[in-house]
*Asks:* 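My structure is below; once you've seen it, I'll send some questions.
Chain identifiers are assigned alphabetically (A, B, ...) following the order of the sequence lines, protein sequences preceding nucleic acid strands; residue numbering begins at 1 within each chain. Just so it is clear, the values below take in all heavy atoms, side chains as well, and ignore hydrogens, waters and symmetry mates.
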Amino acid sequence: MIALVDCNNFYVSCERVFAPALEGRPVGVLSNNDGCVVARSEELKALGIAMGAPVHLIPPALRRQCTLLSSNYALYGDMSRRVNEVLESLAPAVEPYSIDESFLDLSGFGPLEAEALAREIRERVRRETGIPVSVGLAPTRVLAKLANRLAKHGGGVRYLAAQAPVTRALLEALPVAELWGVARRSAERLTVLGIDNAWSLRQAEPTRIRRALSVVMERIVWELRGHGAIVMDDLDAPRRHLLVSRSLGRPTAAAHELHEALRQHVARAGEKLRRQGSLAQAVRVVLRTAPFQVGRGAYHSAALVTLPTPSDDTRELLRAARQALAAVYREGYRYQKCGVMLMGLAEAGAPQERLLAEESAETVRRRRLMATLDRVNRELGRDTVRLGLPRHDSGWALRCANRSDRYTTRWDELLRVHA
DNA sequence: TCTGGGGTCCTAGGACCC
DNA sequence: TCTGGGGTCCTAGGACCC
């Protein structure tokens, strides 16, 4: 048995925990740069505002009725951790899947036992974190995903058996594109094969599906039949590459502004790299104009610079990023986004190995510097210490006009609640 | 004026080798 | 007239997820 625990309207729910006045009101949370709506309360959905809707396209009259908040990832990340803590205290094996969902491996559980546990999970998570969750139960992940959707529409807990008339009816009524793992492209190709609902996909010959589409789709067929075929990748496993990129607050053609934005991205990427204990072999810089810009004004390119030796030193990453930027930058375009990607990540030697290895004084100094930098920034707040000159008033900086306080990770901001 | 960010896996095709 | 066969590794691009 697999359970999928999914937080309801997660970002909005996080905001409501600390601002109960938002309860019952249409509330949305915006993407970075306050660009589009990425989370909606039920009340906001009822107003007809779509997932991903660009804010500037929402009619002003409608906009005045709702509360639209900038995203506050420090808060959501911490709340997500708390939810998983509760899950871990109740379930034998938890596999976090995204910031607001976790699969639970309930091998050996029967439907009744699983439902009882699911109800307890709902109650405990709600009581201990304030976040409402729904639980879907089924023999496989694809079916658990579906069960979760049903749970959201009532009751909060739902079990779906692989072999049951109700499951068949459900799958027959479900367009294939609404399945987890099937999006527009695959749906189109399935339609050509005469497969347009989830039941006909389930009845299809797996090898035929593999030939016509891919092994990924074949696994979905098996999952629909009740045979587990999808294994979760370990989210704790070190990443193979790592990307930090942001839209600029406003487009710019100025190389020095891109350079400044990039410097911040590289600093962030370096922190992430050291946190997972890896070294990067190369640095790639990506630059582009607005995606809606077409024709002569459009530009989208990247440049890769290989490091002399694999490194996790922000200064070396910066040097490479500077070269890459120079290679990719073209005058006369208004750039909307830039990013840095660290490639070819490999594990740095384990600390014990490092002790045994011959290390130059310079290497040791370098690592101490980076470790200190990370610690200061972790304990005293991001960007307390930075490489290069700080510029706080830059036009390229991210817009987030309406962000709530970081209640759970910053004492100073929590205390503001009572100020 | 204003449309997110960060990942994964799979596949096809090229380079290279014996 | 003829132009091997098969393997590995790497990369770019497609598709999908939240």
*Asks:* Does either side chain, that of A/Tyr76 or that of A/Glu15, offer a donor lying less than 3.5 Å from an acceptor on the other one?
*Replies:* yes
*Asks:* Test your reading of the model: is there a side-chain donor-acceptor pair from A/Arg158 to the backbone of A/Arg149, 3.5 Å cut-off?
*Replies:* no
*Asks:* Starting from the 5' end of DNA chain B, give me the residue, A/Leu243 or A/Leu57, whose nearest nucleotide shows up first.
*Replies:* A/Leu57
*Asks:* Choose from B/dG4, B/dC9, B/dC2 the nucleotide whose nearest atom is closest to any side-chain atom of A/Pro251.
*Replies:* B/dC2
*Asks:* Closer than 3.5 angstrom, by distance alone: can the side chain of A/Arg122 be matched with the main-chain N or O of A/Val157 as a donor-acceptor pair?
*Replies:* no
*Asks:* Using Watson-Crick pairs (N1 to N3, plus N6-O4 or O6-N4) and G-U wobble pairs, both distances under 3.5 Å, which stems of at least 3 pairs involve DNA chain C?
*Replies:* B:5-18 with C:5-18
*Asks:* Considering heavy-atom distances to DNA chain B, does A/Val215 or A/Arg334 have its closest nucleotide positioned more toward the 5' end?
*Replies:* A/Arg334
*Asks:* Provide, to the nearest angstrom, the distance between the CZ atom belonging to A/Arg240 and the P atom belonging to B/dG7.
*Replies:* 13 Å
*Asks:* Phosphate oxygens OP1/OP2 of B/dG7: is one of them under 4.0 Å from a side-chain N or O of A/Lys272?
*Replies:* yes
*Asks:* Where the side chain of A/Ser71 meets the backbone of A/Leu30, is there a donor-acceptor pair that is under 3.5 Å apart?
*Replies:* yes
*Asks:* Whether A/Ser214 contacts C/dA15 is assessed here as follows: a side-chain N or O lying under 4.0 Å from the phosphate OP1 or OP2. Is that the case?
*Replies:* no
*Asks:* Under a 4.0 Å heavy-atom cut-off, which of residues 173-193 of chain A touch DNA chain C?
*Replies:* A/Leu179, A/Trp180, A/Gly181, A/Val182, A/Ala183, A/Arg184, A/Arg185, A/Ser186
*Asks:* Taking it one step at a time, do A/Tyr159 and A/Phe109 satisfy ring pair (Phe, Tyr, Trp, His ring centres under 6.0 Å)?
*Replies:* CA-CA 12 Å; A/Tyr159 166 68; A/Phe109 281 62; over 10 Å; no
*Asks:* How are the rings of A/Phe18 and A/Tyr407 set to each other: parallel, tilted or perpendicular (split at 30° and 60°)?
*Replies:* parallel
*Asks:* Rounded to whole angstrom units, what separation is found between the CZ atom of A/Arg250 and the P atom of B/dC2?
*Replies:* 12 Å
*Asks:* Kindly point out which of C/dC18, B/dG5, B/dG4 is positioned nearest to the side chain of A/Cys36?
*Replies:* B/dG4
*Asks:* A/Ser98 and A/Asp100: side-chain donor and acceptor closer than 3.5 Å?
*Replies:* yes
*Asks:* Have a look at A/Asp34 and say if it touches a base, only the backbone sugar-phosphate, or nothing, with a 4.0 Å heavy-atom cut-off.
*Replies:* nothing
*Asks:* Report yes or no: does A/Ser41 contribute a side-chain atom to a donor-acceptor pair with the main-chain N or O of A/Leu44 at less than 3.5 Å?
*Replies:* yes
*Asks:* Quick one: label A/Leu242 by what it contacts on the DNA or RNA (base, sugar-phosphate, nothing), any heavy atom closer than 4.0 Å.
*Replies:* sugar-phosphate
*Asks:* For A/Val244, answer base if it contacts any base atom (sugar-phosphate contacts may also be present), sugar-phosphate if it contacts only those atoms, and nothing otherwise; contact means non-hydrogen atoms under 4.0 Å.
*Replies:* sugar-phosphate
*Asks:* Between the side chain of A/Asp196 and the main-chain N/O of A/Leu190, is any donor-acceptor distance below 3.5 Å?
*Replies:* no
